[in-house]
**Q** 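Just passing along the structure, written as structure tokens.
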Amino acid sequence: IKMISYLCSDIICWIPIPLNCIMRRSVLFIAALFVLFSATAAEKSYKLISVDGRIEVTICVGEKLSYTIDYDHKRVLEPSDIALYLADGVVLGQQCRLSRVSRGAVNSFIEAKFYHRNTISERYNSIKLDFKGSYGVEFRAYDEGVCYRFITNRSGDFMVNDECAE
């Protein structure tokens with residue numbers, strides 16, 4: 001405790017101020033802000049909703065790439081990591097550094113030659129996440145379900161040793 005004095009009419013008054021307590025609170029507050037902002041900066045999430053609005057996909061980008069699926073506001077898929085392990089040691093879907101996000105929507109028909117109907121409706125919303133390292137992931141939310149695919153800009157052939165799809 002440090003004593004601070006000030007002149008109060010003709011009498012000197014001493015007020016005890018617990019500086020170590022104030023400093024401790026300030027340091028704790030700054031540390032809490034740092035943890036909050038570093039956690040926020042480390043992981044970012046993106047939402048994708050089906051055309052009819054019943055399916056919602058939340059994609060989390062950070063140290064790992066993961067997604068969840070809600071149907072009619074009920075969780076049907078808990079956070080699930082996805083990654084591709086390539087033979088050269090590169091892992092697509094870990095330590096993700098996002099470079100671009102693009103969204104799209106499709107509402108068209110596909111001609112079906114060998115199906116009991118002549119055309120098939122193709123209707124979905126999509127999000128494509130491009131990452132540093134020449135790869136990306138595209139998610140599509142149809143009214144009937146969700147899909148994703150990895151896309152690379154790598155030249156030449158490469159081998160996938162393993163896949164993480166929880």
Side-chain angles (χ1 to χ4, degrees), residues 27-166:
V27 168
L28 288 174
F29 178 73
I30 291 169
L33 283 177
F34 177 75
V35 168
L36 177 68
F37 287 118
S38 64
T40 304
E43 187 170 288
K44 188 157 172 91
S45 62
Y46 299 89
K47 298 239 185 249
L48 175 64
I49 299 173
S50 63
V51 178
D52 67 1
R54 297 181 76 183
I55 296 175
E56 181 178 305
V57 183
T58 304
I59 303 132
C60 294
V61 177
E63 278 189 42
K64 294 182 176 184
L65 182 61
S66 65
Y67 70 105
T68 60
I69 300 175
D70 294 337
Y71 182 75
D72 284 340
H73 306 289
K74 294 179 188 162
R75 179 67 39 97
V76 295
L77 181 69
E78 293 297 327
S80 300
D81 295 343
I82 57 173
L84 288 180
Y85 298 88
L86 306 184
D88 61 2
V90 174
V91 180
L92 308 181
Q94 290 185 352
Q95 304 300 325
C96 301
R97 294 183 7 232
L98 195 62
S99 62
R100 193 176 124 197
V101 176
S102 55
R103 294 180 179 271
V106 170
N107 189 5
S108 63
F109 291 93
I110 300 171
E111 186 179 337
K113 296 186 190 253
F114 305 106
Y115 192 59
H116 66 274
R117 287 188 283 173
N118 293 337
T119 59
I120 300 169
S121 172
E122 183 174 37
R123 197 170 91 138
Y124 63 85
N125 290 325
S126 67
I127 185 169
K128 185 176 178 220
L129 307 169
D130 292 318
F131 300 102
K132 293 183 174 148
S134 298
Y135 77 97
V137 177
E138 180 184 23
F139 283 84
R140 292 180 181 181
Y142 294 86
D143 292 342
E144 301 82 17
V146 174
C147 68
Y148 70 87
R149 65 180 177 156
F150 282 89
I151 303 165
T152 68
N153 295 330
R154 299 179 110 202
S155 59
D157 295 336
F158 59 91
M159 182 181 290
V160 176
N161 278 352
D162 200 5
E163 176 185 13
C164 172
E166 296 179 345

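Numbers here are sequence positions counted from 1.
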**Q** For Asp70, give me all partners under salt bridge (charged side-chain N to carboxylate O under 4.0 Å, His left out), at least two apart in sequence or on another chain.
**A**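 Testing Asp70 for salt bridge (charged side-chain N to carboxylate O under 4.0 Å, His left out), a comparison that skips the adjacent residues, returns Arg75.
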
**Q** For a quick test of reading the model, state the closest non-hydrogen atom pair linking Phe150 to Leu92 and the distance between them.
**A**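 Looking at all heavy atoms of both residues, the shortest contact is CE2-O, 3.8 Å.
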
**Q** Counting heavy atoms not belonging to Arg100, are there more than 12 under 6.0 Å from its CZ?
**A**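 No.
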
**Q** Not counting sequence neighbours, list each pair that qualifies as a salt bridge (charged side-chain N to carboxylate O under 4.0 Å, His left out) and has a residue in residues 145-154.
**A**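 Checked against salt bridge (charged side-chain N to carboxylate O under 4.0 Å, His left out) - neighbours excluded - the pairs reaching residues 145-154 are Asp88-Arg154, Glu138-Arg149.
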
**Q** Which pairs would a plain distance check flag for residues 105-129, meaning a side-chain donor or acceptor within less than 3.5 Å of a matching protein atom at least two apart in sequence or in another chain?
**A**
residue : atom : partner : partner atom : Å
Arg123  : NE   : Asp143  : OD2          : 3.2
Arg123  : NH2  : Asp143  : OD2          : 2.5
Tyr124  : OH   : Arg140  : NH2          : 3.4
Asn125  : ND2  : Ile49   : O            : 2.7
Lys128  : NZ   : Asp130  : OD1          : 3.2

**Q** Out of curiosity, Glu43 CD to Cys96 SG, how far, rounded to the nearest 0.5 Å?
**A**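 It comes to 10.0 Å.
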
**Q** For Phe158 and Thr152, run side chain to side chain contact (heavy atoms under 4.5 Å, CB included): C-alpha distance rounded to whole Å, both residues' side-chain angles, the deciding distance at 0.1 Å, then the answer.
**A** CA-CA 10 Å; Phe158 59 91; Thr152 68; 3.6 Å; yes

**Q** Yes or no on side chain to side chain contact (heavy atoms under 4.5 Å, CB included) for Val137 and Tyr67, after CA distance, side-chain angles and deciding distance?
**A** CA-CA 12 Å; Val137 177; Tyr67 70 105; over 6 Å; no

**Q** How long is the straight-line distance from OG of Ser80 back to CG of Leu65, given to the nearest 0.5 Å?
**A**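 Output value for this atom pair is 11.0 Å.
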
**Q** Can you list everything that forms a side chain to side chain donor-acceptor pair (under 3.5 Å) with Thr58? Sequence neighbours excluded, please.
**A**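 By the side chain to side chain donor-acceptor pair (under 3.5 Å) rule, Thr58 matches Lys47.
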
**Q** The criterion is side chain to side chain donor-acceptor pair (under 3.5 Å); which residues satisfy it with Tyr46, sequence neighbours excluded?
**A**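 Partners of Tyr46 by the side chain to side chain donor-acceptor pair (under 3.5 Å) criterion come out as none, since no residue qualifies.
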
**Q** Under the side chain to side chain donor-acceptor pair (under 3.5 Å) test, which residues partner Ser66, sequence neighbours left out?
**A**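 Here no residue qualifies.
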
**Q** Name all residues meeting the side chain to side chain donor-acceptor pair (under 3.5 Å) criterion together with Gln94; count only those two or more places apart in sequence or in a different chain, and write none if there are none.
**A**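 By the side chain to side chain donor-acceptor pair (under 3.5 Å) rule, Gln94 matches Tyr85.
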
**Q** Determine the minimum heavy-atom distance between Ile55 and Gly145, stating which atoms define it.
**A**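 Looking at all heavy atoms of both residues, the shortest contact is CD1-N, 3.6 Å.
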
**Q** Applying salt bridge (charged side-chain N to carboxylate O under 4.0 Å, His left out) as the test, list every pair that has at least one member in residues 155-166; sequence neighbours left out.
**A**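 Counting only pairs at least two positions apart or across chains, no salt bridge (charged side-chain N to carboxylate O under 4.0 Å, His left out) contact touches residues 155-166.
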
**Q** Quick one: list whatever passes ring-ring contact (aromatic ring centres under 6.0 Å, His included) with Tyr135, sequence neighbours left out.
**A**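 Result, ring-ring contact (aromatic ring centres under 6.0 Å, His included) vs Tyr135: Phe131.
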
